[in-house]
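To keep things clear, I will list the structure first and then write my remarks on it.
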Protein chains: 2
Amino acid sequence: MTDSTPRRRVRAGRPALSREHIVEAALSVLRAEGLSKVTMRRVAQELDTGQASLYAHVANTAALHAAILDELTAGVESERSGTWDNRLESLLFAYSRVLFTYPGLARSALVLRPMGQHTLRLIDRVLELLLEGGIAPDRAAWGVDLLLQHVTATAAEHAPPAPGERADREGAGTADASLAAAIREADPERTPRVAAMACELLSGPHEVRESWAIRALLHGIAGTPVRGAEAAPF
Amino acid sequence: MTDSTPRRRVRAGRPALSREHIVEAALSVLRAEGLSKVTMRRVAQELDTGQASLYAHVANTAALHAAILDELTAGVESERSGTWDNRLESLLFAYSRVLFTYPGLARSALVLRPMGQHTLRLIDRVLELLLEGGIAPDRAAWGVDLLLQHVTATAAEHAPPAPGERADREGAGTADASLAAAIREADPERTPRVAAMACELLSGPHEVRESWAIRALLHGIAGTPVRGAEAAPF
DNA sequence: ACCTGAACACCGTTCAAGT
DNA sequence: ACCTGAACACCGTTCAAGT
């Protein structure tokens, strides 16, 4: 907004570097080649400059990834009709879809804790829906974290390797499969319950489990007092 | 396992390399220098060999990290007395303590999904306690995931930078602080609820929030039917 | 079958020097 | 103030050659 006169000197058509341009370039690299290629070097190359130039606008690689995720969060919206809890679920699913599209980003998100404007909007919207559902403000405030954490962690866990993200012979994609194998082959002596309940542990398509999880979270958030040390009624 | 030997005393007479020796060496590097130093090169150096040698016993770096975490999980146990839910909470806290000690490991755990014998034991124990609490088996089976996911994600989010894990001027440690700042400075126009509830959003010491979260999860798991598509009663 | 040195193909970040 | 090339200090993984 400050520079209305782009001084394109070296090479025609090359605008001055800016945080905005950098994030834009990073996004295009992300879409084309996956998060593993969103490196300072690769993004700088995309902008026809040296990697060192980016550090004037972005603190480090983690900050760049956080900025990307916040940008992608801009498009996350809930359905406009339906009950509050259905709209909330659709909002979380929309966010989940972004994270599943770029699993590497989901994996970083828990650490990055991106707090850009779009992420704040998302938090605000979740809060709004929880309050609309009549959930006590103090429980709603603590519940937001729980809901977004769950969605993010789930994407990090279950999302397939994705575009250019090392789909090796045994990448992150087989994590689910090897987990299933480990549970199915559980020793009935050492881990009797896992062995006995292998079926239940591995049952259900992802969507159904996810829907259950969100309902369980809402149920727990709504029904668990913040102050009282007394046990919740089971 | 004996540790706290500053110099490589491991493989004194250079016995054959084995997966066990490698994990042991990796653990000692972890304890001394943090996860970021648990690299194929550094561990190989610890064993006085070339990095390529490790690949005969460990698939890749991720597998090595998973093996380490499973090993650390061996010591995780619940208190022996108290109500089932208090014992469960103590079990989760014990696991949490391991993850908080090596935050980098927590950060990887969601992706790694380590499924060694000790992790299976932990799952078995959680299942046992849920069933003891009278929670329906199908809900308990799906609930285990939710509980362990939460603990892991929380450690990944909130754990401080730790030993040798890049405690830079703006490492992962300030994530919490910058998040707090972002919420406190939230624009009342764009994000009115975040601005209005900043206090509630940021309130409470970690332990209290964590205890609330686990109670909320248990409450939700116990009270949310797996099959029924009907909304849970709020 | 296991072990090894060396190489390949990358990283993030810093810094002195330019403009 | 911004930009740059070059360098520093690392990575994971592969591979041909050894034993």
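Every chain is numbered from 1 and lettered A, B, ... according to where its sequence line falls, protein lines coming before strand lines.
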Find the distance [X]:[atom1] to [N]:[atom2] and express it as a whole number of Å.
{"X": "Met40(B)", "N": "dC3(C)", "atom1": "CE", "atom2": "C1'", "value": "14 Å"}
{"X": "Gln45(B)", "N": "dC10(D)", "atom1": "CD", "atom2": "P", "value": "10 Å"}
{"X": "Leu17(B)", "N": "dT19(D)", "atom1": "CG", "atom2": "C1'", "value": "15 Å"}
{"X": "Arg19(B)", "N": "dA1(C)", "atom1": "CZ", "atom2": "C1'", "value": "18 Å"}
{"X": "His21(B)", "N": "dC2(C)", "atom1": "NE2", "atom2": "P", "value": "15 Å"}
{"X": "Leu47(B)", "N": "dC2(C)", "atom1": "CG", "atom2": "C1'", "value": "15 Å"}
{"X": "Ile22(B)", "N": "dG12(D)", "atom1": "CD1", "atom2": "P", "value": "14 Å"}
{"X": "Lys37(B)", "N": "dA9(D)", "atom1": "NZ", "atom2": "P", "value": "14 Å"}

Which atom pair, heavy atoms only, marks the closest approach of Leu129(A) to Leu88(A)?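 Smallest heavy-atom distance, with atoms named: CD1-CA, 3.7 Å.
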Verify the ring-centre separation between Phe100(A) and His206(A): is it less than 6.0 angstrom?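 Distance test on ring centres: under 6.0 Å, yes.
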Closest to the Arg41(A) side chain: dC3(D), dG12(C), dC11(D)? dG12(C)
Presence of Thr61(B) side-chain N/O under 4.0 Å of dT13(D) phosphate oxygens OP1/OP2: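 Indeed, a polar side-chain atom of Thr61(B) lies that close.
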Euclidean distance, [Y] [atom2] relative to [X] [atom1], rounded to 0.5 Å:
{"X": "Asp70(A)", "Y": "His65(A)", "atom1": "CG", "atom2": "NE2", "value": "14.5 Å"}
{"X": "Glu200(A)", "Y": "Trp142(B)", "atom1": "CD", "atom2": "CH2", "value": "10.5 Å"}
{"X": "Arg31(B)", "Y": "Thr101(B)", "atom1": "CZ", "atom2": "OG1", "value": "10.5 Å"}

Under the salt bridge (Lys or Arg N to Asp or Glu O under 4.0 Å) rule, what pairs show up with a residue in residues 120-130 of chain B, not counting sequence neighbours?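 Salt bridge (Lys or Arg N to Asp or Glu O under 4.0 Å) check on residues 120-130 of chain B returns Arg193(A)-Asp124(B), Arg193(A)-Glu128(B), Arg125(B)-Glu128(B).
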Could you give the distance separating dA9(C) and dA9(D) at their P atoms, to the nearest angstrom? 23 Å
Where along residues 50-58 of chain B does a heavy atom come under 4.0 Å from DNA chain C, residue by residue in number order? Gly50(B), Gln51(B), Ala52(B), Ser53(B), His57(B)
So that I can tick it off, tell me whether Arg42(B) and Glu33(B) are bridged by a salt bridge, with the cut-off set at under 4.0 angstrom between side-chain N and carboxylate O.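 Looking at Arg42(B) together with Glu33(B), the answer is yes, because their closest N to O distance falls below 4.0 Å.
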Runs of at least three consecutive pairs that involve DNA chain D, where pairs are Watson-Crick or G-U with distances under 3.5 Å: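 Stem list for DNA chain D: C:4-8 with D:12-16, C:12-16 with D:4-8.
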Please assess His150(A) against Glu210(A) for the test side-chain hydrogen bond (donor to acceptor under 3.5 Å, both in side chains), listing each intermediate value before the final yes or no. CA-CA 10 Å; His150(A) 169 74; Glu210(A) 192 53 13; 3.1 Å; yes
Between His21(B) and Glu46(B), does any side-chain donor sit less than 3.5 Å from a side-chain acceptor?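 Result is no, nothing qualifies.
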